[in-house]
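Remember, it's a predicted structure, so these values are computed and weren't measured experimentally.
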Amino acid sequence: MVVDMIVFGMAYVLLVYLVMTMIRPAHKPNKNRNDDGEGGVETVNPPKIDLPPGVIWPSDGPKTKKPAPTVEV
């Protein structure tokens with residue numbers, strides 16, 4: 001039984017090693033790794049999303065707060 005456990009343990013380690021080496025991506029030194037494969041023109045601005053009436057983006061809001069008028073009592 002001990003011999004069987006040792007043989008199965010070695011087989012397990014060997015199978016894990018083989019699977020890990022097979023799923024690892026191939027190393028290609030001249031390949032550009034920053035390319036996402038889509039091609040075309042790169043857009044820097046995100047698309048403008050149509051919001052419901054009365055809703056604005058925080059970046060489109062007022063830049064400075066106006067001070068509240070003083071109330072004399």
Trainee: Does one hydrophobic cluster hold both Y12 and I23, with members joined at side-chain heavy-atom distances below 4.5 Å?
Mentor: yes
Trainee: Which one of V2, V3, D4 satisfies the side-chain contact (heavy atoms from CB on, under 4.5 Å) criterion with I6?
Mentor: V2
Trainee: Which residues pass the side chain to side chain contact (heavy atoms under 4.5 Å, CB included) test with V55, not counting sequence neighbours?
Mentor: L51, P52
Trainee: Rest of the hydrophobic cluster containing Y17 (Ile/Leu/Val/Met/Phe/Trp/Tyr, side-chain heavy atoms under 4.5 Å)?
Mentor: L14, L18
